[in-house]
Protein chains: 2
Amino acid sequence: MSNNQFKRGELYSVINGVASTSVARRLQKNFRNAGLEITIEQWSILYHLWKEDGLSQQELCTRTFRDKASITRLIDNIEKLGLVERIASKDDRRVNLVYLTDAAKPLQEATYNIANQTMNEALQGISKEEIEIVKSVFQRVYENSK
Amino acid sequence: MSNNQFKRGELYSVINGVASTSVARRLQKNFRNAGLEITIEQWSILYHLWKEDGLSQQELCTRTFRDKASITRLIDNIEKLGLVERIASKDDRRVNLVYLTDAAKPLQEATYNIANQTMNEALQGISKEEIEIVKSVFQRVYENSK
DNA sequence: TTATAATAGTTGCATAACTAACTATATGTC
DNA sequence: GACATATAGTTAGTTATGCAACTATTATAA
């Protein structure tokens with residue numbers, strides 16, 4: 001495969017960074033064409049849960065750069081699809097922990113393969129050095145702007 | 001002023017490219033703090049009309065990377081604010097040309113100053129070379145993904 | 001201990017995005 | 001000229017975003 005193959009952990013940060021509009025739209029279409037009826041926003045939540053299950057909604061806010069209200073409603077929708085469930089924390093009754101259901105597990109490989117292929121196509125002709133610069137610029141712009 | 005000062009024509013493409021999330025949010029807040037009650041999406045339309053007044057809705061689709069339905073409703077909202085008006089083309093009766101009203105003109109300088117300052121803050125410590133690379137990568141990613 | 005402040009999450013409101021289905025006008029072909 | 005096709009714009013339906021106001025719980029301070 002091309003040398004644009006990504007480590008798993010890098011994938012979302014690159015999509016969320018380099019590619020927020022055109023690649024996101026392409027990825028959404030590729031999900032749909034494969035019969036996967038989830039949005040990329042929903043997928044971004046699942047992505048973080050596949051890395052670490054049982055995150056709080058607040059932690060998902062931080063990791064996906066969204067506000068509380070957006071996360072509340074995203075989780076609502078993913079819960080309706082039967083892919084996650086909220087379980088109240090025993091340590092702090094204010095907190096909802098979000099857990100993947102069994103139905104979510106088969107999606108992991110399929111969506112990862114599609115995302116990886118979409119990224120490879122999007123990043124054709126772009127060197128790893130350029131990608132590193134883009135990621136670095138994004139990080140600094142984010143820090144400068146918050 | 002810093003050497004990150006932008007030429008007018010570059011500003012939007014950079015904001016639309018480098019900065020789609022964190023800088024956009026910051027810019028929205030800075031507009032609001034200055035008493036300017038427009039969204040950045042509305043501003044992106046005005047920005048193109050200030051460069052060239054009387055564009056068709058289709059042309060605005062192309063220039064702002066949005067679909068027809070999005071433009072229809074964005075123009076609806078900007079029209080409600082009294083900042084633009086639709087005038088039917090005489091050459092082709094399918095076409096609406098979008099013209100700025102007198103009320104839109106005073107916004108130009110104020111929003112440009114805020115946008116320029118917001119960008120300067122966001123891009124502190126980032127070199128012109130890095131910005132060029134980011135813009136170039138975005139262009140190629142866009143071409144690869146459409 | 002009680003009053004105050006901070007935090008986690010939900011809900012209401014407004015804006016915006018995309019898809020798909022629709023109307024109206026133009027264009028192209030037989 | 002007539003029919004098929006393409007183009008410009010609108011509308012309906014769904015999802016998502018942000019802000020502000022709200023409830024419930026936890027932490028802090030007098």
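Chain letters run A, B, ... following the sequence lines, proteins first, then strands; residues in each count from 1.
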K.L.:
Take atom CG of B/D91 and atom C1' of C/dT25, then tell me their distance rounded to the nearest Å.
P.N.:
14 Å
K.L.:
A/Q28 side chain to A/I38 main-chain N or O, any donor-acceptor pair under 3.5 Å?
P.N.:
yes
K.L.:
Any side-chain heavy atom of A/N33 sitting closer than 4.5 Å to one from A/I114?
P.N.:
no
K.L.:
Rounding to an integer number of Å, can you tell me how far B/F31 CZ sits from C/dT15 C1'?
P.N.:
16 Å
K.L.:
Can you measure B/I45 atom CD1 to D/dG9 atom P for me and round it to whole angstrom units?
P.N.:
12 Å
K.L.:
Distance check needed: C/dA17 P versus B/D67 CG, whole Å only.
P.N.:
8 Å
K.L.:
Quick one: does B/I133's side chain get under 4.5 Å of B/V137's, heavy atoms only?
P.N.:
yes
K.L.:
Using a heavy-atom cut-off of 4.0 Å across all strands, would you classify A/T72 as base, sugar-phosphate, or nothing?
P.N.:
base
K.L.:
For B/K68 and C/dT23, what is the distance between atoms NZ and P respectively, to the nearest whole Å?
P.N.:
14 Å
K.L.:
Relative to the 5' end of DNA chain D, which residue comes earlier, A/A69 or A/Q42, by the nucleotide with the nearest heavy atom?
P.N.:
A/Q42
K.L.:
It should be established whether B/R73 places a side-chain nitrogen or oxygen under 4.0 Å from OP1 or OP2 of nucleotide D/dT10.
P.N.:
no
K.L.:
Do any side-chain nitrogens or oxygens of A/R86 fall under 4.0 Å of OP1 or OP2 in C/dA8?
P.N.:
no
K.L.:
Does the side chain of A/L83 reach to within under 4.5 Å of the side chain of A/L107, using non-hydrogen atoms?
P.N.:
yes
K.L.:
Would you say D/dA16 has OP1 or OP2 under 4.0 Å from some side-chain N or O of A/N77?
P.N.:
yes
K.L.:
With a 4.0 Å cut-off on heavy atoms, is B/Q28 in touch with a base, just the backbone sugar-phosphate, or nothing at all?
P.N.:
nothing
K.L.:
For A/Q117, look at atom CD and say whether over 12 heavy atoms of other residues, nucleotides or ligands are found less than 6.0 Å away.
P.N.:
no
K.L.:
Determine the contact category for B/L74: base if any of its heavy atoms lies under 4.0 Å from a base atom, sugar-phosphate if only primed atoms, P, OP1 or OP2 are that close, otherwise nothing.
P.N.:
sugar-phosphate
K.L.:
Is B/Q57 near enough to D/dA8 that one of its side-chain N or O atoms lies under 4.0 angstrom from OP1 or OP2?
P.N.:
no
K.L.:
Would you say D/dT17 has OP1 or OP2 under 4.0 Å from some side-chain N or O of A/R66?
P.N.:
yes
K.L.:
With a non-hydrogen cut-off below 4.0 angstrom, is A/K80 in contact with a base, only sugar-phosphate, or nothing?
P.N.:
nothing
K.L.:
Could you say whether A/T39 or B/C61 is positioned toward the 5' end of DNA chain D, judged by the nucleotide with the nearest heavy atom to each?
P.N.:
B/C61
K.L.:
Do side-chain atoms of B/Q42 reach the backbone of B/N77 as a donor and acceptor pair under 3.5 angstrom?
P.N.:
no
K.L.:
Give one of base, sugar-phosphate or nothing for A/D76, where a contact means two heavy atoms less than 4.0 Å apart.
P.N.:
nothing
K.L.:
To the nearest angstrom, how far is B/R94 atom CZ from C/dA26 atom C1'?
P.N.:
4 Å
K.L.:
Rounded to whole angstroms, how far apart are CG on A/L27 and C1' on C/dA17?
P.N.:
16 Å
K.L.:
Round to a whole Å and report the spacing from CZ of A/R32 to P of C/dC18.
P.N.:
11 Å
K.L.:
When you match A/D92 and A/K29 each to their closest nucleotide on DNA chain C, which lands nearer the 5' end?
P.N.:
A/D92
